[in-house]
Amino acid sequence: MSMKTLPLLFINLGGEMVYILDQRLRAQNIPELKSSKVLHDIVSTMFNKRFMDELFKPQTLYSKKAMRTVFDRLAHASIMRLNAASMDKLYDLMTMAIKYQVSLCLRPKDILLSTLNHMDAIRNYIEGAPNIRQQVDHIYRMLIETYVPMSPGECHLMRQTLMHFFQDMHIRVSIFLKDKVQSNNGRFVLPTSGQVPWGSEVPGVIRLFSEDGRTKNVEFPAGGSFTMTKKEGSFDMKGDRVTLLGTNMYSASRPVETSVIPSKTTTPSSDIDTSNPNPLAKAHLDLLSQLIGASLTSEKTEFRLNLFKTDEEENKAAAIRPIETAESQVVKIDASKKSKNAELSRIMGELSVDQEDDGGNKGDDLLDLMDSA
Amino acid sequence: MYRKEKPITLKGSTSHLYNNLSVFTNQQKGLLNYAVVHKSVVNIVTASTDGANVTGKQVVYKEPSATQQGNPFVFQAKWIVLPQRTVLVLTSQRGIQMFDGDGSVMIYWHALSQDPEKSCFARGITDMGDNLICVGTEDGHILIFNIPPKSTNINHLDTLKGAYSSAICDLASEKNILVSSDDQGNIVVWKFLGQQFQQSHKIAGSGVPCTTVRLWKGIIVGGYGSGHIRVYSAASGKIGAEVTAHARIINGIDIAAQSGLVLSVSDDSFFRVWQLQEGNLPQISYKCHEMVTDLQLVGGCFVDPQGRAICLTGYDNNEIQFYIKS
């Protein structure tokens, strides 16, 4: 499968996470100063130059578990804490949103446009933070360099790779159900009308060529009313992306919600591809957790974010999904002070060991990295 | 017109790939076999022609060298029926594996890449003559394998390097004609001269992949990423017809050998049936279509040579859908 898919998946999931957190931060009336700090910290960690350089190297996708772990860490890169149920819900929402965008895009290259929509939104969130702005601009350049020259064939392979990643995920999301773009079995509703991809034609014509060079057109019923796409989205740093995929679908009147699918409908999926952890993914994870570990140390004003309307709902959700919680216990960063401190001291411990072992070399590098982050 | 029949359930969901469905009819035993790729596994279903008995099994694309990375993803699974034996061919992101017809024993393994960080996939499988199997690669080459009537003594005979270097999407063959389609939409026609292959026509593409190609009575039918179907003469390489057939990518095409009916399936959830007409410049006409609600169709085949029954697969769905001519 495509070896260039990981950055797109990571940036899109991260972008969707920022949308959801932003909405929940507002709903929970977190003071402006704190919430913008959270978003800035997360974006700045996400787009750390060294981490991104690693991500853009050709490689296979992370397994579902490894990807989930990365985002567990990323969500806790700042002063905000999520408990297990809220983290589950956050990740479910992120993945289903990106599955929707990848499944429904008109042509594979539109995935890049929806990525740029996420990037445009992130750029707005970090206004007034010139350091992070530099990081974000760097990612724009990397995206454009890597993906704009891609041939349609490579783009198809990239989309197939992403479709593999999201295969067998059927969580129902209430915002999709309300908009009637997802049905009750968790599948997306496919439109049988609307625009055809940029560069494609509306179905319904057979052109018959004869040897004397004449063309005869015969029409046939296309079974839906389709229209041409009049304008291609812009692949520049700034511009009209044309597609709405990848833009923020949440607002005050459309709160973040998921309905939990009854367990009997979860399809048994083969775990053959995810059973073995990717060693590269593990290395990246270590890098990321070190970066995040550092930013934790200076913070004392933590708060807890709830992805549910009330704490009771959150508790209920936690009770409903015992299996998943057990599975991902290893990676959970719990909201309670005690275990947070344990995690913190573990990371601190690792850092100091590094310093001793490498004569300070590696440790210094990491510290430099953290200062610049 | 076709009406919906009862589906068959697979052991896993269908992956999003080109031509993700292969059918093999075992007439001696009165059995129909279906193969569908789920990530690194191929789900095989065997059904008696009356539909009374249905059994399933799985073939896993395993690689001893790839233990750390998990098994590679399969790109295509297809049965090749040679006069003496039937072979199930699997292509993946690292190479090619061939199994005996029921998928129980691996008889050949061809590695394309040892480097787990480098993709080097194979895609596009067809037969040639009495004993050859042709497989396309990511470099745009076509590998030719010799299959003896018995034994596992399979040889890699030759590598065809075509006029283009982009990844092969699909291969088709008929008598001594071999046709390849690639990621840039190029189609190359080869003639098999008994010992070697000779390139006879190049049909330049527009940059959009020709995801699937089929050959029937000297007529080439190509399905494209843009939703177009194009019909060419294999003898002259000239275009006879162009159809704005689907609103999204076409993932599979099949032709019913006895009737010349064409089946096309697409991400737009429609399957359409067409009729080919022979001639100096081949022509095509529309017969009918059906929508399979909310299913991005990735595989479609006629079950019988007349084209009376159709089977279909869709992304993320664990069923084979059936439609019968009414």
Side-chain angles (χ1 to χ4, degrees), chain A residues 1-3 57-60 63 103 106-108 151-154 156-157 159-161 163-164 166-170 183 187-190 192-194 196-197 199-211 218 220-224 226 267-270 272-276 278-280, chain B residues 11-13 15-17 38-41 58 60 67-71 73 93 116-119 121 166-167 169 182-184 207-209 211 225-228 238-249 267-270 280-281 283-286 289 291 293-296 315-318:
Chain A
M1 295 267 112
S2 171
M3 297 290 191
K57 288 178 183 164
Q59 58 193 295
T60 51
S63 68
S103 303
L106 300 181
R107 56 169 187 159
S151 73
E154 282 179 282
H156 277 292
L157 185 63
R159 176 164 176 259
Q160 288 176 336
T161 311
M163 299 284 261
H164 272 63
F166 293 113
Q167 202 171 328
D168 298 324
M169 291 184 183
H170 300 127
S183 42
R187 300 191 66 84
F188 296 127
V189 174
L190 301 179
T192 53
S193 59
V196 298
S200 289
E201 293 182 272
V202 173
V205 180
I206 304 174
R207 296 183 192 107
L208 299 168
F209 306 106
S210 61
E211 284 181 277
V218 181
F220 69 88
F226 296 98
T267 43
S269 63
S270 90
I272 288 165
D273 63 316
T274 57
S275 52
N276 300 309
N278 180 340
L280 255 177
Chain B
K11 277 190 177 168
S13 59
S15 289
H16 202 291
L17 299 162
H38 167 93
K39 299 184 179 179
S40 50
V41 177
Q58 295 190 312
V60 183
T67 44
Q68 277 204 314
Q69 293 268 321
N71 292 317
F73 285 126
Q93 62 193 125
E117 298 310 315
K118 192 180 166 288
S119 157
F121 62 80
S166 66
C169 290
D182 73 15
D183 250 0
Q184 297 286 331
V208 177
T211 61
S226 54
H228 287 92
K238 283 186 183 154
I239 186 164
E242 177 183 60
V243 188
T244 62
H246 288 274
R248 299 281 185 279
I249 179 177
D267 254 21
D268 69 4
S269 77
F270 284 93
N280 277 346
L281 274 183
Q283 309 272 282
I284 191 168
S285 57
Y286 166 85
H289 69 238
M291 188 191 70
T293 307
D294 299 340
L295 212 51
Q296 296 176 312
Y315 166 65
D316 210 9
N317 179 271
N318 64 343

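Numbered from 1 within each chain, the chains take letters A, B, ... in sequence-line order.
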Least distance between heavy atoms, B/His16 atom then A/His164 atom
O-CE1, 3.9 Å
Report the C-alpha distance between B/Lys238 and A/Phe209 in whole Å, list the side-chain angles of each, state the deciding distance to 0.1 Å, and finish with yes or no for side-chain contact (heavy atoms from CB on, under 4.5 Å).
CA-CA 10 Å; B/Lys238 283 186 183 154; A/Phe209 306 106; over 6 Å; no
If the threshold is 4.0 Å, N to carboxylate O, is there a salt bridge linking A/Arg107 and B/Asp267?
no
Which portion of A/Val218 sits near chain B, non-hydrogen atoms under 4.5 angstrom
neither
Looking only at A/Ser103, A/Gly199, A/Pro108, A/Gly194, most heavy-atom pairs under 4.5 Å shared with chain B are made by A/Ser103
Winner by heavy-atom pair count (cut-off under 4.5 Å) against chain A, out of B/Asn280, B/Thr293, B/Val208
B/Asn280
What pair of heavy atoms forms the shortest contact from B/Ala247 to A/Pro203, and how long is it?
N-CG, 3.9 Å
Would you mind checking which part of A/Ser210 comes under 4.5 Å of any heavy atom in chain B, side chain (CB onward), backbone (N, CA, C, O), both or neither?
backbone
Specify which of A/Leu106, A/Thr192, A/Val196, A/Leu208 makes the most heavy-atom pairs with chain B at under 4.5 Å.
A/Leu208
I want to check something: taking the side chain as every heavy atom from C-beta on, are A/Met1 and B/Phe121 in contact at a cut-off of under 4.5 Å?
no
Can you tell which part of A/Phe226 gets under 4.5 Å to a heavy atom of chain B, answering side chain, backbone, both or neither?
side chain
Sequence neighbours left out, what passes side-chain contact (heavy atoms from CB on, under 4.5 Å) with A/Pro152? Give chain and number order.
B/Pro209
Heavy-atom side-chain proximity of B/Phe73 to A/Thr161 below 4.5 angstrom:
no
Flag, side chain of B/His289 to backbone of A/Pro221, donor-acceptor distance under 3.5 Å:
yes
Could you please spell out the steps behind the side-chain contact (heavy atoms from CB on, under 4.5 Å) verdict for B/Asn317 and A/Arg187?
CA-CA 9 Å; B/Asn317 179 271; A/Arg187 300 191 66 84; 4.1 Å; yes
Just say parallel, tilted or perpendicular for the rings of A/Phe220 and B/Tyr286, cut-offs at 30° and 60°.
parallel
For B/Tyr315, which atoms come within 4.5 Å of any heavy atom of chain A: side chain, backbone, both, or neither?
both
Less than 4.5 Å apart, any side-chain heavy atom of A/Asp168 and any of B/His38?
yes
Cut-off 3.5 Å, side chains only: do A/His156 and B/Asp183 have a donor facing an acceptor?
no
Top contributor to chain B interface from A/Arg159, A/Lys57, A/Glu154 [non-hydrogen pairs under 4.5 Å]
A/Arg159
Against chain A, label B/Ser285 side chain, backbone, both or neither, depending on which of its atoms sit under 4.5 Å from a heavy atom there.
backbone
Shortest non-hydrogen separation from B/Ile284 to A/Ile206 and the atoms involved:
O-CG2, 3.8 Å
Assert top hit (heavy-atom pairs under 4.5 Å, partner chain A, pool B/Glu242, B/Gln93, B/Gln283) equals B/Glu242
By the definition side chain to side chain contact (heavy atoms under 4.5 Å, CB included), identify the one residue from B/Thr244, B/Ile239, B/Val243 that meets it with A/Arg207.
B/Thr244
For the residue pair B/Ser15 / A/Gln167, report whether a side-chain donor-acceptor contact shorter than 3.5 Å exists.
yes
A/Leu190 versus B/Asp268: any side-chain heavy-atom pair under 4.5 Å?
no
Under 4.5 Å from a heavy atom of chain A, the part of B/Leu17 involved
both
